Structures are given as structure tokens and as C-alpha cells.
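All remarks here apply to the structure that follows.
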There are 2 protein chains.
Amino acid sequence: MPAASLTPTVAAPDVENALGALRARGLRATSARRLLVEALFAAAEPVTAPELAAGLDGGVPGADLAAVYRNLQMLERIGLVRHTHAGHGPALYALADRVASEFLRCEACGDLWALPPSALALVRDAVRRTTGWEARFTHFPLVGLCPACAASHAAGDTRR
Amino acid sequence: MPAASLTPTVAAPDVENALGALRARGLRATSARRLLVEALFAAAEPVTAPELAAGLDGGVPGADLAAVYRNLQMLERIGLVRHTHAGHGPALYALADRVASEFLRCEACGDLWALPPSALALVRDAVRRTTGWEARFTHFPLVGLCPACAASHAAGDTRR
DNA sequence: ATGCAATTGCAACGGGGTTGCAGCTGCTCA
DNA sequence: TGAGCAGCTGCAACCCCGTTGCAATTGCAT
């Protein structure tokens, strides 16, 4: 099943509002979901599902990873949440209206840059002109070498 | 451990030559490796490790997946082999001097395009100019929407 | 309050790949 | 030619990231 994260973004100013968005769609505002949404609002940066599950243990019953995944998936279907694949590790989740849309990941040092959507407009233009594709660097990053690694690589670097 | 597949490509005209490249580095040309290299030479397109292991059962002892992975890794370190991540499935391996260097993957329909390295020169230029990065679409593809999906998406598509 | 479908929590599973280790085997050197 | 010994193999167990099945629970509309 392809077609992921192409849902329009939904912005929620706060936890109550986000839960309201669920109820409006006939979904239930359960305590597990409240905790998850609170954790997402509390997170400064995109976080992994295990991190979210770990952070959720403010509730007595241990936060279940499977439920976290299910709920993240549902929140993403709704448009409240978005995730990115930043390398080989687990995906990073964040409230949809918070993510700085575009990512670059360095293949050599692993560094991840987050850029405002406008920053790569020229790149998207070039892709459109030369291939007809509509490039998106939100769900999967643009991969390459960051300036530092590109430099050390151009000079005959001696790593390894 | 980042830093993958940045080794310079090594071309081997045939199986004997490839095995020679191993010996030249103090590595052993074992029968398992011979079978693997033969399978790679026989493959018309990039193949997965499980496919390689399955194809290797010309030898009496069943080809071991773990050994296949270890040997692919080693061949890649040497520069004889390269792999690409074409979506969510397993990685695709091929002889380094055979891969059509650049890939585009459609997030909506899953389609994968392979383009000659020159095709994305302008894109790499745009990336370099606007970010200072050296983009590479060989190991991880450029992700976005293919022309068809971009069109149906622009029109208010009703999928889902 | 009551009913009942939506959810949870737990455990088991699945794909993709890595690792530990005992035993086998290319390769080098006498 | 064959002995010695790293370098490998094959097997099984394991790890990570998620997903799924299912019985028990719980929102929430009535």
C-alpha cells in the first residue's frame, strides 16, 4: 500500500481541539489518545513511536506501543500528524502543522537538515522541468552529502 | 554507522576477474562467493538478497542468507557491488558498473524510474546552488509523485 | 443507566537484516 | 605436497520496527 501522508494538513491549536477533531469524525477521545496527543504537543522536535510510548507512562497502565502506532496512524490519516523517515532508524512523528516541511539527510555523517518548504522551490522546479515529477522531501528526505562531508570527500579523504 | 556505498566503483569484466579482485585484497575466493558473483553476473536487473540466495542453490549446500548478506556487504565495500533502497521492501543489489545510477520513486503508485546519471545534473546543480549539498539519488531515490499521479492529484482526486 | 461498537493491552507474528560460534576450507609457506 | 591457520560458512538465535488477532474494556449516544 503506497499513498502515504498525502492527506491535507489539519492544524489544531491545542489538545482539546485535536481531540474534538477526532470526535467530529466519530472517533473516540480515549485516555490513551489524550496522552498521546499531549505528548505530541509537548514534544519540541519530531519524536519516534517508542519515545512517545515511553513518555506516555504518566498514565498508570503502561502505554502500549501497538496502540501508539495505531493511533499515530489514525492521527496521520486525519491529517493531524505527519511522519518522516530520517535514515535507517524508526520514523519521526510530529503534529502536522509544526513540521518544517523539507529534509536533507547526509549519507556520510547522518546529519539531518530541516528546511522551510520554500527553500527547495528551485530544486522542485528543476525536477519538474527535467523529469515531469513533483518532488517531495517531506516524507522521505533528499539524500546526499552535506557541505562538510562533500568537501572532505572531494579532497581524497582517508576515512575508514 | 552511516557512510555507505561511497566507495569508488570497481568494474570487473567477468567472474574470474571479480574473484581475482578479492584475492588481490587478501580475501578468499570461496565457492559460496563464486556462486554469488555468478548470480550477480547472470542477473539482468538489480535483485534482492533472498532472490540471490534462492538462485544460488545450484550448489549442493543450500545458499545461506546470512552469508549472502555478509558477502554482498563485502563486495560493496570493495566497490564491485552497489545496492539501492527501492521502497519499503528489501534492498536491490547489482554489479556496481551496471547500475543506471539515478532513481525516482513515486509515493502514490510506487513506480520506480531509473535514469542515466546525466539526467539529473540540473537537479544536482539546483541542490548545490541552493543548499551547498551534493545530492545523490543512487542509494536512496528521489521521492515524489510521478507525472501521472501528480496530475490526478492536482485535479481533486477522489482516491480513498 | 444501558448497550454496543470502538479501543485497548497483550502477545504473537512478519519482514529485513545482523551476529555468535563451532566447524570447514582456501591459501601460504615449508 | 601437505600442514597450519586465518578467513569463511552454515545454522540458529537475535534485534529492530512495526502490524495483527483477540478477548476484555470503555466511550458515548440513547
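Because the structure is predicted, anything quoted here is derived from the model rather than measured.
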Quick one: which of [options] gets closest to the side chain of [X]?
X     : options               : result
A:D64 : C:dG9, D:dT9, C:dC27  : C:dG9
A:A91 : D:dG18, D:dT9, D:dG10 : D:dG18
B:P90 : D:dG18, C:dA6, C:dG16 : C:dG16

Task: Residue whose closest nucleotide on DNA chain C lies nearer the 5' end, B:A49 versus B:R28 - done: B:A49

Open item on the list: Please compare A:N71 and B:Y93 by the position of their nearest nucleotide in DNA chain C and report the one closer to 5'.
Closed with: A:N71

Open item on the list: Has B:T131 got a side-chain atom pairing as donor or acceptor with B:R128's backbone, closer than 3.5 angstrom?
Closed with: no

TODO: Please examine the side chains of A:P141 and A:W113, heavy atoms only from C-beta on, and report whether any two atoms are closer than 4.5 Å.
DONE: no

- [ ] Check whether any side-chain heavy atom of B:T48 lies under 4.5 Å from a side-chain heavy atom of B:L92, and answer yes or no.
- [x] yes

TODO: Identify the heavy atoms of B:L36 and B:V68 that sit nearest to each other, and give their distance.
DONE: CD2-O, 4.2 Å

- [ ] Nearest-nucleotide wise, let me know which of A:A67 and B:R33 is further upstream toward the 5' end of DNA chain D.
- [x] B:R33

Task: Contact nearer the 5' end of DNA chain D, comparing B:G26 with B:A66 - done: B:G26

OP1 or OP2 of [N] under 4.0 Å from side-chain N/O of [X]:
X     : N      : result
A:Q73 : D:dG18 : no
B:T30 : D:dC8  : no
A:Y69 : D:dG18 : yes

Rounded to whole Å, please give me the gap between [atom1] in [X] and [atom2] in [N].
X     : N      : atom1 : atom2 : value
A:M74 : D:dT20 : CE    : C1'   : 19 Å
B:R25 : C:dC27 : CZ    : C1'   : 18 Å
A:L52 : D:dC17 : CG    : P     : 14 Å
B:L92 : C:dG17 : CG    : C1'   : 15 Å
A:L72 : D:dC17 : CG    : P     : 15 Å
A:E51 : D:dC16 : CD    : P     : 14 Å
B:R34 : D:dT9  : CZ    : C1'   : 17 Å
B:L22 : D:dA6  : CG    : P     : 21 Å

Task: A:V15 reachable from A:M74 in the ILVMFWY side-chain graph, under 4.5 Å edges - done: yes

Open item on the list: Count I, L, V, M, F, W, Y as connected when their side-chain heavy atoms are under 4.5 Å apart, and connections chain through other members. Are B:F103 and A:W133 then in the same cluster?
Closed with: no

Indicate, with a heavy-atom threshold strictly under 4.0 Å, whether [X] touches base, sugar-phosphate, or nothing.
X     : result
A:L65 : nothing
B:G89 : sugar-phosphate
B:A29 : sugar-phosphate

Open item on the list: Between the opening five pairs and the closing five pairs of the helix from C:dA1-D:dT30 to C:dA30-D:dT1, how far apart are the helix axes, to 10°?
Closed with: 20°

Task: Pair of N/O donor and acceptor under 3.5 Å linking D:dG18 base with A:R70 side chain - done: no

Open item on the list: My understanding is that only one of A:H85, A:H83, A:H139 makes a ring-ring contact (aromatic ring centres under 6.0 Å, His included) with A:Y93; could you say which?
Closed with: A:H83

Task: Pairing of A:E45 and A:R98 as salt bridge, 4.0 angstrom limit - done: no

